[in-house]
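Before anything else, here's the structure in question.
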Amino acid sequence: MFPQQERFSPLSQLAILFGLCCAGILIGSFATLLAADLYLKAPLTNLAQELMKGENANLSRLLQFLSTFFFMALPAVFFSVITQRKPFQYLGFNMAPSGKQTFLIVGIVFTALFVSGSLGELNQLIPLSKGLTKYFQSLEDEYSKEVIALINLKSSADYIIALIIIAFLPALFEEMFFRGCLQQLMIILFRNAIAGIIVTSLFFSAIHLSFYGFLPRLFLGIMLGYIFYYSKNLWLNIAAHFLNNAFAVTQMYALSRAGKLNIESMDENFPLYYGLVAIAAFYFIFVIFKRESEFVISMHNMRKYADEKNEEETF
């Protein structure tokens, strides 16, 4: 994607990124446990139960921020600084998106919600043994309970805070790591854009530890992967990821205010035919987005070349 300023081989870069992630997990785990202990003054064995209580929702949001910050954001920044001469440009913070690109992102995310919902329905149809079905469903129910405790939004102020901590910051941190770092490495290692994007998306989906959400998140990862691949602009990825998260937060906020937020109401699946209709609209909008992104990049490169020429003539 971007011209690489090679300081290390691709495999060495992957090892550096993996090492930074391991360090981030260790530091983040210590930081979250320390924050929880200082605030709750409860034994470590009871922390999970305490965090499920509504009065500790703000602490749960803080701990989520800390974990994703140390696990994804910091490793992404340190990795790009260590391996690249222009780290933030490498990550994709290198140009402003056009208004048309931003508008198209909204359309892409809107249609993707229906495709993703249909894939969730398809995910439910994958045959499993009774034991695995019970196990995976128990994980989903536990995750839903955690989300309900985390969302527990009682006011518009809580909603704004949730949009920042649950929707925006995870979008920022995850895109820095998965698209800004991992995807670029995977494309180089596999020497194929499609393979690099799919492998990155598989990691992206798997890390959420949800069997019944695997296909929807895999599709989301592929969509975000191609947005970055065509636009070379991480701001657009962050916007798309944020809109996807914000829709879920807004839906749960509305249900919470109506007193209807429960495990059953959190079902985001749609009938399969919704996805068949939505995928056509999704593809059409994405083709336009690809063309607009190519135009924006060409204009950016022309301006960059003109600026460089002017600097040379000045000297």
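Computed from a predicted model, the values in this text were never measured in an experiment.
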**Non-hydrogen side-chain atoms of Met186 and Leu14 separated by less than 4.5 Å** = yes

**Message:** How close do Ile238 and Leu172 get, counting heavy atoms only, and between which atoms?
**Reply:** CD1-CD1, 3.4 Å

**Prompt:** Minimum heavy-atom separation for Ile188 to Pro10, with atom names?
**Reply:** CG2-CG, 3.6 Å

**Which atom of Tyr90 lies closest to which atom of Ser80, heavy atoms considered** = CD2-CB, 4.2 Å

**Asked** More than 12 foreign heavy atoms under 6.0 Å from CZ of Phe136: is that the case here?
**Response** yes

**Asked** Would a 4.5 Å heavy-atom cut-off, applied to side chains only, mark Tyr253 and Ser156 as touching?
**Response** yes

**Prompt:** For the atom pair OG (Ser118) and CZ (Phe270), what is the distance rounded to the nearest 0.5 Å?
**Reply:** 7.5 Å

**Prompt:** Where is the tightest heavy-atom contact between Ile288 and Leu104, given as atom of each residue plus distance?
**Reply:** CG2-CD1, 3.8 Å

**Message:** Would you say that Thr102 contacts Leu236 through its side chain, given a criterion of any heavy-atom pair below 4.5 Å between the two side chains?
**Reply:** yes

**Request:** Kindly say whether Ile187 contributes a backbone atom to a donor-acceptor pair with the side chain of Asn192 at under 3.5 angstrom?
**Result:** no

**Asked** Are more than 12 heavy atoms from other residues, nucleotides or ligands located less than 6.0 Å from atom CZ of Phe103?
**Response** no

**Asked** How about Thr250 and Tyr159: does a side-chain donor come under 3.5 Å of a side-chain acceptor?
**Response** yes

**Message:** When you compare the side chains of Thr68 and Glu174, does any donor N or O come within less than 3.5 Å of an acceptor on the partner?
**Reply:** no

**Between OG1 on residue Thr111 and CD1 on residue Ile285, distance to nearest 0.5 Å** = 4.5 Å

**Message:** Could you tell me if Gln89 and Asn94 have a donor-acceptor pair between their side chains, going purely by distance under 3.5 Å?
**Reply:** no

**Request:** Tell me, with the steps shown, if Met299 and Glu294 meet side chain to side chain contact (heavy atoms under 4.5 Å, CB included).
**Result:** CA-CA 9 Å; Met299 294 298 295; Glu294 290 171 347; over 6 Å; no

**Message:** Membership question, hydrophobic clusters at under 4.5 Å side-chain separation (ILVMFWY): are Phe282 and Ile194 in the same one?
**Reply:** yes

**Request:** Determine whether Phe110 and Tyr226 fall in the same hydrophobic cluster, where Ile, Leu, Val, Met, Phe, Trp and Tyr are linked whenever their side-chain heavy atoms lie under 4.5 Å apart.
**Result:** no

**Message:** Please say yes or no: joined through hydrophobic side-chain contacts below 4.5 Å, possibly via intermediate residues, are Leu66 and Ile25 part of one cluster?
**Reply:** yes

**Rounded distance [0.5 Å steps], CD1 in Ile165 versus CG in Asp158** = 10.0 Å

**Prompt:** If you measure from CG on Leu122 to OG on Ser116, what distance do you get to the nearest 0.5 Å?
**Reply:** 11.5 Å

**Prompt:** Going through the distances and angles, do Phe69 and Phe173 end up as a ring-ring contact (aromatic ring centres under 6.0 Å, His included)?
**Reply:** CA-CA 6 Å; Phe69 177 73; Phe173 299 160; 5.6 Å; yes

**Prompt:** Hey, what do you get for NZ (Lys290) to OH (Tyr229), rounding to the nearest 0.5 Å?
**Reply:** 9.0 Å

**Item:** Modelled atom types, side-chain donor and acceptor of Ser231 and Gln101, under 3.5 Å
**Value:** no

**Prompt:** Would Phe247 end up clustered with Leu255 when hydrophobic side chains under 4.5 Å apart are linked, directly or stepwise?
**Reply:** no

**Asked** Are Ile82 and Phe8 side-chain neighbours, meaning at least one heavy-atom pair lies under 4.5 Å?
**Response** yes

**Asked** Are Ser210 and Arg217 close enough that some pair of their side-chain heavy atoms sits under 4.5 Å apart?
**Response** yes

**Request:** Taking all non-hydrogen atoms of both residues into account, name the closest pair between Ala73 and Met176 and its distance.
**Result:** O-CE, 4.0 Å

**Message:** Any side-chain to backbone donor/acceptor pair from Ser205 onto Leu202? Under 3.5 Å, distance only.
**Reply:** no

**Request:** Give the ring-plane orientation class for Phe289 versus Phe286, where under 30° counts as parallel, over 60° as perpendicular and anything between as tilted.
**Result:** perpendicular

**Prompt:** Would one find more than 12 heavy atoms of other residues, nucleotides or ligands at under 6.0 Å from atom CZ of Phe211?
**Reply:** yes

**Request:** List the steps and the verdict of side chain to side chain contact (heavy atoms under 4.5 Å, CB included) for Thr133 and Tyr212.
**Result:** CA-CA 10 Å; Thr133 300; Tyr212 291 111; 3.7 Å; yes

**Message:** Would the distance check show the side chain of Glu175 and the main-chain N or O of Asn237 forming a donor-acceptor pair, the cut-off being under 3.5 Å?
**Reply:** no

**Message:** So which atom in Gly221 and which in Phe204 form the shortest heavy-atom distance, rounded to 0.1 Å?
**Reply:** CA-CD2, 3.7 Å

**Request:** Go through the steps for Leu234 and Phe228 under the test side chain to side chain contact (heavy atoms under 4.5 Å, CB included), then give the verdict.
**Result:** CA-CA 6 Å; Leu234 201 68; Phe228 188 57; 3.9 Å; yes

**Message:** Quick check: do Leu224 and Leu220 have side-chain heavy atoms less than 4.5 Å from each other?
**Reply:** yes

**Message:** What's the separation between atom CZ in Arg179 and atom CD1 in Ile197, rounded to the nearest 0.5 Å?
**Reply:** 9.5 Å

**Asked** Does one hydrophobic cluster hold both Ile166 and Ile160, with members joined at side-chain heavy-atom distances below 4.5 Å?
**Response** yes

**Request:** Could you walk me through whether Phe71 and Ile207 pass side chain to side chain contact (heavy atoms under 4.5 Å, CB included), step by step?
**Result:** CA-CA 12 Å; Phe71 175 45; Ile207 205 168; 3.2 Å; yes

**Prompt:** Are any of the side-chain heavy atoms of Val296 and Pro97 separated by less than 4.5 Å?
**Reply:** no

**Residue pair Phe79 / Leu182, side-chain heavy-atom distance below 4.5 Å** = no

